[in-house]
Structures are given as C-alpha cells and as structure tokens.
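Throughout, a chain's letter reflects where its sequence line sits, starting with A, and its residues are numbered from 1. No hydrogens, no waters, no symmetry mates; every other heavy atom, side chains included, goes into these values.
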Number of protein chains: 2
Amino acid sequence: MAPRTLDDDDLLDRLTGVFRSAGYEGASLSDLSAATGLQRSSLYHRFPGGKAQMAAEVVRRVGNAVMDVAFAPLEHAHPTVAEVQAVGRSLSTFYADGAISCLLDTMSLRDHASTAAGGTVDGAVDNELADALAAATQRWIQAFAGVASAAGADQGEARARAEDAIAAIEGALVLRRLTGDGAAFARAIARLPTALMGDTRSTKRSRRN
Amino acid sequence: MAPRTLDDDDLLDRLTGVFRSAGYEGASLSDLSAATGLQRSSLYHRFPGGKAQMAAEVVRRVGNAVMDVAFAPLEHAHPTVAEVQAVGRSLSTFYADGAISCLLDTMSLRDHASTAAGGTVDGAVDNELADALAAATQRWIQAFAGVASAAGADQGEARARAEDAIAAIEGALVLRRLTGDGAAFARAIARLPTALMGDTRSTKRSRRN
DNA sequence: GTCTATACGACGATAGAC
DNA sequence: GTCTATCGTCGTATAGAC
C-alpha cells in the first residue's frame, strides 16, 4: 500500500529488528522483505552485497547509535556514578529490559562456509560483518574501560572490569531468552556503576561486591 | 568407507559439535551428515522427527552429561570451595577454555515460524527443543543455587547468585566469540566460588568483590 | 526505485533398493 | 540400518518491465 520510497533510517531499523531476534542465518530475505515492506529485489537495489551487506550495515549503524546515545556521556575525563547509571538506563531501554537480544550475540555465530576453496569474492563481504562485530565490541569495551580508568583502575584492571561488565549484560540477555525472566538483566544493569568504578558506596547498595 | 553402524553415543557427540558452533538454523543436514558420516536418510531413520528431534536430543543429552560430570559433586549438603573450584575446572574443559559456544546460547534463537496457522503436528517437536533448553537451564540454576544456599544465602539471594554466575559464564563465551580472547571466561570461572558462596577469603584473591 | 518473474542451488524430508 | 535417488519448498540472487 506504499508504492513510494522508504526512508533509509527506517529501512535499517526494520532490518535491525529481524537480525536481532533471528540472527544471521535465521533472518531470511523473506523475513527482511516482510519487515520492510520492500520486495527482495528492492533490497538488493539498496544493498548490492545482499544479506551480508545488510547485516554489516545494521551492525555498524547500531554500534554508532549505541555509542552516541548511551556512551557519549562517558567521554569526558571523570564520569560520575549518576552518569554511569544513566548509561544503564539507556541500555535497559535499548534492550527493552532484556527482552531483545544483542546483535553481538545473535550475529556472531556461523561461517563454516566460504573458507573452503580459494578466496571467493564474497569472502570480503563476510569478513565485513565479522569486522563490524569486532569493532563494535572493542568500542564498547573501551568506553567502559575508560570509566574504570577514571575511577582509578590501572589499564589491565580497567579492561577486565569493562569486559566483565559487558559479559554480565550479554549473559543476562542469553538467560532472559532461556527463562523469560528479566531479573538477571536488571541486576546486571544495576551493578554497572560498582562493576566499573569499584565500590563507590555513594548509593545505599552493599550486597556481595 | 564404513558401511556399518555408528555408536549412538558417538553419533550424538558428532551432532552436538555441529549444533554448538553453528546453532540451530546454521546447522544444515549436510553439515550433520558430513560430521557423522551418515547420509541424510540414515539420520532420519534414527531421528524420525528430523532436525528438531536431533537438536532436542542433543540438548537433553548434553544437559545430562554436564549435570553428571560437573555438578554431581555439589549435590550433598555442604559443598566446599575446593569442590566448586573443581566444577569450574570441569566447565573450563567442557567449553574448551571458552573456545566452544554454549548450546543454551546458540540454540535459543529462531522460531518465528510454526506459530503461524493452526497447530501443526511438528509444533510439538519444536517445543520439545524449547522445553529441553528451559529444563537444562533450570537444572543449572538450581545446582548453583544449592551451593549458595548451603553457604548461607536465603532462597532469593541464592537464585540470584546462581543466575548471575551463569550469566557471567555465558556472557564471557559470547565475548570470546567476538574478541577471540578467553581471559574473560577464565575470570568468570575463577570467580565462581565467591560468586556463589560469597567472600570465603580462603584463597589469596581479594580484588573487587 | 520499486515491482513481477524467474534462475538455480541448498534446504529439510521421503521413497524404495539393498 | 544404510544407501541412492528424488520430492517440493525455500534460500539467495538477477533480469527486465514500469
């Protein structure tokens, strides 16, 4: 019912939703077509590289969006606990309180193919996705590690805290898929300030850790 | 070159390897056939329910194996720190120091299909997989929660500690897929005793937490 | 820039010989 | 209990009309 164009941002948003819940292999062109309202061939007009290109662009775009919305507040010298809590709220919104999976998880499977014979042309496209995932992960780690560093952790410890905090969130999202219970995700978010900055005891929370 | 039978345990082991690295959608019958040395039709002879049945049996079998090997030592009244550390070592082996993904993660995606029209027959098979995943998850949570309870945590806190410890492990496995670095996984395993039992300070480790 | 139509291989699944 | 051969469907990807 809409014979005219669809906005580029809207288009990628729709694609993102499919990849987030189905993963790379699970997201068929029919799914992507249905979600966007565009026919398969129209998708190929915008993404000549096919599904692999769609996936890579989705990952890059989401990575940028998350950096802007959630982590930009952290990029000055000394983030406060309140600012880290705000990042937690942004992440809660982004993941719909844990109900939506993370692209880093759902897109990081696959790829026993394409490594077989000599370098095919689309091998580069496949690596594009892997590179986008790795880049987004590193940016996330560095954003969190920056917070830990500002709180006084040395470089190695800062990176460890960042990785552990991310792992807690990613693992909670997996758990949520399995149990339907978002409590673990909520705890991982609530723990974010102390996980990164150590025990600042500026809030009333004590618990283990 | 082996026209005769393949042992049932071996067969499921081979299938497990494919599902672990490729996920449900990513594991094709060709992959499963190649990994087992059996033709597609032979696989159907053993698993009339097809891929869904293979997946469900794999999940159930792995769930049982993990319970036996790793968690059985915990099923008496008061597990010791050393015993929990031993569980960590078993898990490290099971996950090849983080290099192998967890079935709970890789198999818990998918399934926008089969819910469409009226109840088809194979809808039950699909739920079989989801049920197997949920059951394995609950058994894991309860095994860990038992440790926390024995260490003095009340019921809610025990379950929270168990879920958080599992999330830390699952998230570290995701991170390892993304970065190729197993350090986060090693830390999640090392933290297991204190994560479940609180700060027993019986080892020299202090750190945050 | 979107559509209809179609190519063609891989997919899950089945039939029937041995 | 395994095989070869094949089914119909859906997968990704293209060609060409509008």
Side-chain angles (χ1 to χ4, degrees), chain A residues 1-12 14-15 18-19 22-58 109-114 116-117 120-126 128-129, chain B residues 1-12 14-15 18-19 22-58 107 110-114 116-117 120-126 128-129:
Chain A
M1 278 41 180
R4 278 264 61 133
T5 302
L6 179 68
D7 181 79
D8 257 39
D9 279 353
D10 281 344
L11 174 55
L12 280 168
R14 315 286 189 99
L15 297 178
V18 179
F19 281 121
Y24 184 84
E25 302 280 359
S28 72
L29 286 193
S30 294
D31 294 334
L32 298 166
S33 171
T36 58
L38 290 180
Q39 294 297 332
R40 283 178 268 268
S41 46
S42 301
L43 291 175
Y44 273 92
H45 179 264
R46 304 225 189 166
F47 305 95
K51 195 168 92 162
Q53 186 185 351
M54 297 182 215
E57 292 202 14
V58 159
L109 254 39
R110 71 177 309 274
D111 259 343
H112 17 299
S114 87
T120 46
V121 183
D122 57 319
V125 182
D126 276 343
E128 210 185 337
L129 173 56
Chain B
M1 281 41 182
R4 277 260 65 123
T5 303
L6 179 69
D7 180 78
D8 258 38
D9 279 353
D10 282 343
L11 174 55
L12 280 168
R14 315 285 190 99
L15 297 178
V18 178
F19 281 121
Y24 184 85
E25 302 280 357
S28 72
L29 286 193
S30 294
D31 294 334
L32 298 166
S33 171
T36 57
L38 290 179
Q39 294 298 332
R40 282 178 270 268
S41 46
S42 300
L43 291 175
Y44 274 92
H45 180 264
R46 304 227 189 163
F47 305 95
K51 195 167 92 160
Q53 185 186 352
M54 297 182 215
E57 292 201 16
V58 158
M107 301 277 269
R110 73 177 305 273
D111 259 343
H112 17 302
S114 87
T120 46
V121 182
D122 57 320
V125 181
D126 275 344
E128 209 186 338
L129 173 56

From dG12(C), dC3(C), dC3(D), nucleotide with atom closest to Q39(A) side chain: dC3(C)
Validation row: Y24(A), K51(A) side chains within 4.5 angstrom (heavy atoms): yes
Separation of dT6(D) atom P from Y44(B) atom OH, nearest Å, is 19 Å
Please report, rounded to the nearest Å, how far the P atom of dT4(D) is from the CG atom of L43(B). 13 Å
Is the closest side-chain heavy-atom distance between F47(B) and L32(B) below 4.5 Å? no
For L38(A) and dT4(C), what is the distance between atoms CG and P respectively, to the nearest whole Å? 12 Å
With respect to the phosphate group of dC3(C), does any side-chain polar atom (N or O) of R40(A) fall under 4.0 Å of OP1 or OP2? no
Taken to the nearest whole Å, CG/D7(A) to C1'/dG1(C) is 14 Å
Would you say the side chain of S41(A) and the base of dC3(C) hold a donor-acceptor pair, judged only by whether the two atoms sit under 3.5 Å apart? yes
Phosphate oxygens OP1/OP2 of dG11(D): is one of them under 4.0 Å from a side-chain N or O of S30(A)? yes
Is there a side-chain contact between Y44(A) and Q53(A), using heavy atoms and a 4.5 Å cut-off? no
Grab the CG-P distance between L15(B) and dG12(C) for me, whole Å please. 13 Å
In this structure, how many angstroms lie between the C1' atom of dC10(D) and the NZ atom of K51(B), rounded? 13 Å
What is the separation between atom CG on L29(B) and atom P on dT6(D), rounded to the nearest whole Å? 19 Å
Presence of S42(A) side-chain N/O under 4.0 Å of dG1(C) phosphate oxygens OP1/OP2: no
If I take atom CD in residue E25(B) and atom P in nucleotide dC10(D), what distance separates them, rounded to the nearest angstrom? 14 Å
